[in-house]
Amino acid sequence: MKFVDEFRDAELGRVVAGEIAAALEPGRHYKVMEVCGGHTHSIYKYGIDDLLPDNLELVHGPGCPVCVIPMGRVDDGIAVALREDVIFTCFGDMLRVPGSQQTLLDAKARGADVRMVYSPLDALRIARSNPDREVVFFAIGFETTAPSTALTLRRAKSEGIRNFSCICNHVTIVPPLRALLESPDLRLDGFIGPGHVCTVVGGRPFEFIPADYGRPVVISGFEPLDLLQSILMILHQLQQARCEVENQYTRVVPREGNLRALEVMREVFELRPHFEWRGLGFISQSALRLSDAYRDFDAELRFEVPGVRVADPKACQCGEVLKGVIKPWECKVFGSACTPEHAIGTCMVSPEGACAAYYNYGRYARQKEAV
Amino acid sequence: VNDCGEHCITCADAGVPMRVISFCEEGAVCVDDEGITHEGIAVELVEPVEPGDRLLVHAGVAIA
């Protein structure tokens with residue numbers, strides 16, 4: 001398969017892994033963060049961790065859109081979903097994220113009209129076909145998914161569709177990275193940059209990492225060889241005392257990003273002054289809400305939402321996992337009380353969450369080690 | 001959750017490579033690498049697009 005098979009060549013993978021081992025300074029422990037949940041998923045799925053030397057540690061970052069949604073926002077969604085006049089739409093993995101009392105799936109079981117959609121455009125189609133009902137889309141995601149919501153709202157506005165609205169939970173990736181870099185808990189040597197976010201925003205927003213914090217960033221694709229090559233590129237920067245944003249994923253990521261996507265996002269969204277991130281707390285200007293021109297489509301203004309902050313369950317350590325402070329298996333409830341079937345924390349819900357990715361793939365490697 | 005294969009249709013943040021095969025009223029008709037056909041992919045953000053072009057699609061919208 002063109003553009004896929006070439007990047008899954010096992011023999012070449014072993015060669016690159018050998019070059020990675022040769023590029024490491026003996027006696028030094030390296031920590032590299034993969035920012036994006038899609039990378040975490042690929043790392044465990046393809047066993048990339050197993051190919052790396054022991055003194056090179058991959059730290060999982062906060063780039064899973066479901067994982068960073070706080071419980072209070074889920075409760076807000078459920079409150080709207082329980083209204084009789086509402087058809088509530090969201091992505092499938094959002095259905096199982098626990099709120100303080102229940103999930104959206106539980107609400108659906110109790111009679112709420114909650115429907116899974118693949119795209120916000122599907123939610124708009126539902127609105128067109130149900131003019132007597134209010135159709136609400138629970139929007140989540142980073143800069144990869146925000147253009148889809150923006151484009152959908154632009155279409156809704158131009159078509160004059162009045163029974164469609166959106167609970168906007170879109171977040172941006174740069175502010176949490178800055179928060180992590182300021183954290184004394186974590187010493188990182190470099191970053192594997194989020195390839196698909198950079199497709200939209202380009203590489204420039206990440207230039208503060210080498211400029212202000214002296215850490216290399218390599219924007220990476222999602223296939224195994226992409227990731228191995230990106231790790232090698234980070235190590236080469238460290239070896240050569242270079243520090244910059246490099247693009248490994250040139251076959252997809254243009255330097256300036258997608259200017260049309262950025263333009264529609266600027267039209268539809270504006271920055272929220274504050275937004276709560278699960279495990280990371282409130283971060284200034286880290287999320288999006290609808291702009292004044294699109295206020296009529298803001299479900300938080302159209303319906304009453306509780307807007308109450310809810311603390312995470314005490315047993316759950318998603319916060320530490322999201323900050324890369326602990327590994328998924330170091331959480332007290334990992335794989336026992338918290339599994340993908342009955343998740344306590346968000347990181348176990350989404351396939352991109354570090355806990356779910358590790359539960360699905362990585363635990364086998366650890367079982368082998370134990371034997 | 002479990003194994004979603006190459007990509008998960010329920011995941012909020014999965015980028016899916018697709019090839020354009022034709023156009024319909026709401027956008028493009030595309031086929032992904034598993035041979036599944038998707039109708040109504042929005043292509044406004046990456047136009048001009050022609051049959052045979054390869055796109056990266058997030059949540060029904062081509063972003064590259």
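Residue numbers begin at 1 in each chain, while the letters A, B, ... track the order of the sequences.
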Which region of A:Val200, side chain (C-beta onward) or backbone (N, CA, C, O), has a non-hydrogen atom less than 4.5 Å from a non-hydrogen atom of chain B, or is it both or neither?
side chain
What part of A:Val253 gets within 4.5 angstrom of chain B, counting heavy atoms only: side chain, backbone, both, or neither?
neither
On a heavy-atom basis, the closest approach of B:Glu44 and A:Leu151 is OE1-CD2, 3.7 Å
Would a 4.5 Å heavy-atom cut-off, applied to side chains only, mark B:Arg54 and A:Arg251 as touching?
no
Which side-chain N or O atoms in residues 24-31 of chain B pair as donor and acceptor under 3.5 Å with protein atoms at least two apart or in another chain?
unit_1	atom_1	unit_2	atom_2	d
B:Glu26	OE1	A:Arg125	NE	3.0
B:Glu26	OE1	A:Arg125	NH2	3.2
B:Glu26	OE2	A:Arg125	NE	3.0

Name the region of B:Leu56, side chain, backbone, both or neither, that has any atom closer than 4.5 Å to a heavy atom of chain A.
side chain
Just by modelled atom types, is the B:His58 backbone N or O under 3.5 Å from a matching donor or acceptor in the A:Ser148 side chain?
yes
Does CZ in A:Arg255 sit with more than 12 non-hydrogen atoms of other residues, nucleotides or ligands closer than 6.0 Å?
no
Identify the two heavy atoms, one from B:Ala59 and one from A:Phe91, that lie closest to each other, and give their separation to 0.1 Å.
CB-CZ, 3.9 Å
Could I get the full list of ring-ring contact (aromatic ring centres under 6.0 Å, His included) partners for A:Phe164, not counting sequence neighbours?
none
Search all heavy atoms of A:Asn258 against all heavy atoms of B:Leu45 and return the closest pair with its distance.
ND2-O, 3.2 Å
